[in-house]
J.: 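First the structure, which I've put down as structure tokens, then a few questions once you've had a look.
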Amino acid sequence: MEFRSIKGTYDILPNDADSWQRVETCVREFITRAGYSEIRTPAFEKTELFTRSVGEDSDVVSKEMYSWTDQGGTDITLKPEYTASVIRSYIQHNLGAKSPLTKLYYLDNLFRRERPQKGRYRQFRQYGIEAIGSPHPEQDAEVITIAYELLVELGIKDITLKLNSIGSSECRNEYRQALKDFLQPHLDKLSETSRKRFDSNPMRILDTKIDFEIVLLQDAPTITSFLTLDDANHFDEVQIYLEALDVPFTLDTTLVRGLDYYNRTTFEIISSKLGAQDALCGGGRYDKLAETLGGKQTPAVGFAAGLERILIAMDEVDTDQKIQADKIYLIGLGDAVRPTMLKILGEARKAGLIMEFDSLRRSIKSQMREANKIGASLAIIIGDKELKDKSVQIKDLKNGQQESIPIDSIISYIKSLN
RNA sequence: GUGGGCGUAGCUCAGUUGGUUAGAGCACCUGGUUGUGGCCCAGGAGGCCGUGGGUUCAAUUCCCAUCGCUCACCCCA
């Protein structure tokens with residue numbers, strides 16, 4: 001085969017498109033009800049938007065971006081995540097001037113060049129929301145609740161909400177030092193990757209999957225004990241409000257997000273139905289991002305959820321409830337009837353009827369089989385005999401009853417059936 | 001970038017201790033008398049057995065390479 005879809009990309013065929021549409025519709029309705037409006041930004045942005053916001057040293061920027069220099073010499077990158085792009089647009093159009101609180105959502109394609117595996121693709125779809133303008137913990141709680149309740153609404157079971165606070169940058173510096181002090185004596189026993197992280201990004205060591213290190217880290221200082229009073233209060237309030245909203249969560253002091261712009265609240269929702277890539281969604285607060293991108297100081301909180309992963313998690317759920325519209329199949333016999341047949345088709349569709357016909361000039365038997373296959377409830381048959389006396393046969397495919405009616409009354413006849 | 005698993009029909013998979021025309025189920029197409037579906041019956045189409053090389057009288061089968069898919073590491077949604 002000469003051409004196939006590129007590694008990490010895939011076609012959504014008609015069969016799967018049904019479930020995609022159901023999920024997308026559900027997401028849009030749910031989020032719209034919560035008062036969030038859609039924003040769509042271009043598929044690519046200046047590369048620097050991401051290097052600056054996501055972080056030069058992050059995995060996403062350092063090795064996963066689809067970047068190129070265009071013919072005009074501009075460095076361009078296919079969006080690997082949406083938040084930076086949304087904030088760029090927020091600043092560019094001065095949305096903050098229209099309202100002190102801006103609530104946005106998106107549902108779109110993103111691109112990262114990673115090795116594909118279960119729940120991870122190079123072109124993937126996310127939906128996400130951003131609440132821009134409020135520094136207060138009730139906003140964190142609302143955002144988290146939307147993430148959680150939407151998954152529940154989609155029928156996904158066995159999900160766990162993990163919550164943490166990584167504080168502000170000041171206390172993170174202190175914590176980073178404390179963590180290094182703690183690990184220093186054990187440095188020679190750590191894995192190679194952990195030793196590298198010791199210098200570059202010690203907090204990532206908390207993500208380790210090595211048993212020995214997990215045990216060792218049980219006694220390590222936790223970020224929560226380094227939070228400033230304000231940070232700690234904020235975190236406490238988030239928890240109080242989540243309880244008020246009846247959203248169950250578990251605290252996880254090892255939850256360190258890979259994007260640089262987060263501060264204070266971070267969270268993640270995982271599903272046991274997925275493989276190693278078990279995060280259905282993740283997000284948190286990012287109060288400094290707008291400034292980083294040259295805007296005014298603007299607190300914000302949001303999350304992103306992977307739609308492929310949601311679809312995988314939903315697979316266990318029974319989603320096979322096909323909406324069966326009342327289809328009509330138009331059967332023509334012989335060359336002479338064709339103009340009349342197409343006239344019927346055109347008028348029926350203008351009248352809002354759901355009608356299909358056979359363009360293969362097949363036998364009546366084949367056409368009847370086709371009518372049955374597509375689940376039509378009625379078949380209209382027109383041949384030379386009918387053409388002569390300006391009538392058609394209408395057959396009810398459920399009970400097999402068939403009758404002859406005048407060709408002019410097809411639409412009114414069908415409408416009278418409902 | 002690194003490792004494991006897997007590549008036979010559109011799909012799910014048999015099979016060959018190396019030996020003539022490579023199979024099944026589902027799906028698809030056409031028929032089962034003159035112009036009527038669903039069940040049933042009959043027939044049909046569709047595979048360079050992923051690709052290239054090697055061993056052999058003989059390779060879909062054994063060996064090597066390569067490509068692809070997949071899962072995992074890393075990181076993330």
Side-chain angles (χ1 to χ4, degrees), chain A residues 1-10 13 15 54-55 57-64 80-83 106-128 147 151 191-194 196-197 201 204 207-210 255-259 267-271 274-283 302-313 329 331-334 337 358 360 362-387 392-402:
Chain A
M1 192 179 309
E2 193 179 356
F3 293 115
R4 46 181 310 123
S5 56
I6 286 170
K7 185 197 284 286
T9 69
Y10 61 96
L13 301 177
N15 232 326
V54 176
D57 298 328
S58 66
D59 282 43
V60 170
V61 168
S62 62
K63 54 187 198 198
E64 296 171 3
E81 65 108 36
Y82 227 92
T83 303
Y106 56 82
L107 193 165
D108 207 348
N109 291 295
L110 295 170
F111 307 86
R112 286 183 204 169
R113 196 183 181 288
E114 302 176 80
R115 277 297 268 273
Q117 69 189 75
K118 186 170 184 171
R120 165 190 287 172
Y121 305 91
R122 290 184 173 180
Q123 176 181 343
F124 58 104
R125 293 156 181 83
Q126 285 188 344
Y127 79 83
L151 295 174
S191 64
E192 194 185 334
T193 46
S194 288
K196 260 187 215 151
R197 287 169 173 176
N201 195 344
R204 290 252 183 101
D207 273 340
T208 185
K209 305 244 162 63
I210 301 165
L255 181 61
V256 181
R257 315 234 80 242
L259 311 182
F267 72 98
E268 197 169 284
I269 299 175
I270 59 170
S271 161
L274 291 161
Q277 308 307 318
D278 61 355
L280 286 169
C281 75
F303 71 83
L307 289 169
E308 281 82 5
R309 293 184 187 178
I310 286 174
L311 269 286
I312 292 171
Y329 199 77
I331 296 173
L333 301 166
V337 304
D358 178 84
L360 294 172
R362 290 188 288 183
S363 67
I364 184 167
K365 187 187 185 92
S366 293
Q367 294 190 54
M368 283 299 290
R369 281 182 173 166
E370 184 69 18
N372 190 64
K373 198 164 83 184
I374 67 166
S377 54
L378 286 179
I380 297 178
I381 302 156
I382 178 164
D384 291 332
K385 273 188 286 182
E386 290 77 15
L387 196 58
V392 296
Q393 300 290 323
I394 291 201
K395 181 165 189 172
D396 184 327
L397 293 174
K398 287 186 190 105
N399 59 22
Q401 299 274 307
Q402 181 169 323

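Here is the naming used below: chain letters follow the sequence lines, and residue numbers restart at 1 for every chain.
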J.: If you measure from the P atom in B/A65 to the same atom in B/C73, how many Å do you get, rounded?
T.: 26 Å
J.: OP1 or OP2 of B/U33 sitting under 4.0 Å from any side-chain N/O of A/Lys365?
T.: no
J.: With a 4.5 Å cut-off on side-chain heavy atoms, are A/Leu333 and A/Ile381 touching?
T.: yes
J.: Do A/Gln123 and A/Asn109 get their side chains close enough for a donor-acceptor pair, meaning under 3.5 Å?
T.: yes
J.: Name the residue closer to the 5' end of RNA chain B, choosing between A/Asp384 and A/Gly282 according to the nucleotide with the nearest heavy atom.
T.: A/Asp384
J.: Rounded to whole angstrom, note down the C1' distance from B/C62 over to B/U55.
T.: 8 Å
J.: Kindly assign one of parallel, tilted or perpendicular to the pair A/Tyr10 and A/Tyr121, based on the angle between their ring planes and the thresholds 30° and 60°.
T.: tilted
J.: Atom CG of A/Leu151 to atom C1' of B/A77: distance rounded to whole Å?
T.: 11 Å
J.: Let me spell it out: for each of A/Leu274 and A/Glu308, pick the nucleotide of RNA chain B with the closest heavy atom. Which residue's pick is nearer the 5' end?
T.: A/Leu274
J.: Are side-chain heavy atoms of A/Arg120 and A/Arg309 found at a separation under 4.5 Å?
T.: yes
J.: Nearest to the side chain of A/Ser363 - B/G31, B/C28, B/U2?
T.: B/G31
J.: With a 4.5 Å heavy-atom cut-off, do A/Arg113 and A/Phe111 have their side chains touching?
T.: no
J.: With respect to the side chain of A/Leu397, which nucleotide from B/C71, B/G35, B/G37 is positioned closest?
T.: B/G37
J.: Kindly indicate whether the side chain of A/Arg362, heavy atoms from C-beta on, has any atom under 4.5 Å from the side chain of A/Glu370.
T.: yes
J.: At under 4.0 Å, does any side-chain N or O of A/Arg362 touch on OP1 or OP2 of B/C29?
T.: yes
J.: Whole angstrom is fine here: how far is it from CZ in A/Phe3 over to P in B/G68?
T.: 15 Å
J.: If you draw a 6.0 Å radius around CG in A/Leu360, do more than 12 non-hydrogen atoms from other residues or ligands fall strictly inside?
T.: yes
J.: Whole-Å distance between B/G37 P and A/Leu333 CG?
T.: 12 Å
J.: Say you pick atom P in B/U61 and the same atom in B/G44; how far apart are they, in whole Å?
T.: 29 Å
J.: Whole-Å distance between B/C73 C1' and A/Glu64 CD?
T.: 13 Å
J.: Taking atom types as they are modelled, would you say the side chain of A/Gln367 forms a donor-acceptor pair with the base of B/G35 within the 3.5 Å cutoff?
T.: no
J.: Using the C1' atoms only, state how far B/C26 lies from B/A9, rounded to an integer number of Å.
T.: 12 Å
J.: In whole Å, I'd like the distance from the NZ atom of A/Lys63 to the P atom of B/C73.
T.: 13 Å
J.: For atom P, what is the distance between B/U30 and B/G37, given to the nearest Å?
T.: 13 Å
J.: When the C1' atoms of B/G15 and B/G25 are considered, how many whole Å apart are they?
T.: 15 Å
J.: Heavy atoms, side chains only, cut-off 4.5 Å: are A/Glu81 and A/Val60 in contact?
T.: no
J.: Expressed as a whole number of angstroms, how long is the span from A/Arg120:CZ to B/C74:C1'?
T.: 8 Å
J.: Distance check: side-chain N/O of A/Ser366 vs OP1/OP2 of B/U30, anything under 4.0 Å?
T.: yes
J.: Can you tell me which stems involve RNA chain B, if a stem is defined as three or more consecutive Watson-Crick or G-U wobble pairs, both distances under 3.5 Å?
T.: B:1-7 with B:67-73, B:10-13 with B:23-26, B:28-32 with B:40-44, B:50-54 with B:62-66
J.: Which protein N or O atoms sit under 3.5 Å from an N or O of nucleotides 39-46 of chain B?
T.:
none

J.: Mind checking if A/Ala304 touches a base, just sugar-phosphate, or nothing, with heavy atoms under 4.0 Å?
T.: sugar-phosphate
J.: Please report, rounded to the nearest Å, how far the C1' atom of B/G1 is from the CG atom of A/Asp59.
T.: 12 Å
J.: Indicate whether OP1 or OP2 belonging to B/C69 is found under 4.0 Å from a side-chain N or O atom of A/Lys7.
T.: yes
J.: So, is A/Gln117 near the phosphate of B/A72, with a side-chain N or O under 4.0 Å from OP1 or OP2?
T.: yes
J.: Rounding to an integer number of Å, can you tell me how far A/Ile364 CD1 sits from B/U30 P?
T.: 14 Å
J.: With a 3.5 Å cut-off and just heavy-atom distances, do the side chain of A/Lys398 and the base of B/G37 make a donor-acceptor pair?
T.: no
J.: For A/Gly119, report the nucleic acid contact type (base, sugar-phosphate, nothing); a contact means any heavy atom under 4.0 Å.
T.: base
J.: How far apart are the C-alpha atoms of A/Asn372 and A/Tyr329, what are their side-chain angles, what is the distance that settles it, and do they pass the side-chain contact (heavy atoms from CB on, under 4.5 Å) test?
T.: CA-CA 9 Å; A/Asn372 190 64; A/Tyr329 199 77; over 6 Å; no
J.: Take A/Val337 and A/Asp384 through the test side-chain contact (heavy atoms from CB on, under 4.5 Å) and record every step on the way to the result.
T.: CA-CA 7 Å; A/Val337 304; A/Asp384 291 332; 4.1 Å; yes
J.: Quick one: classify the glycosidic conformation of B/G52 as syn or anti, with syn meaning within 90° of 0.
T.: anti
J.: Do A/Lys395 side-chain and B/U36 base share a donor-acceptor contact under 3.5 Å?
T.: yes
J.: Distance check, C1' atoms only: B/C64 and B/C57, in whole angstrom units.
T.: 22 Å
J.: Over all strands shown, is A/Gln402 touching base, sugar-phosphate only, or nothing at heavy-atom distances under 4.0 angstrom?
T.: base
J.: Among B/C28, B/C71, B/A77, find the nucleotide with the atom closest to the side chain of A/Phe124.
T.: B/A77
J.: A/Ile381 has a side chain; which of B/C73, B/C28, B/G35 sits nearest to it?
T.: B/G35
J.: Could you work out the separation of B/U17 and B/C13 based on their P atoms and round it to a whole Å?
T.: 23 Å
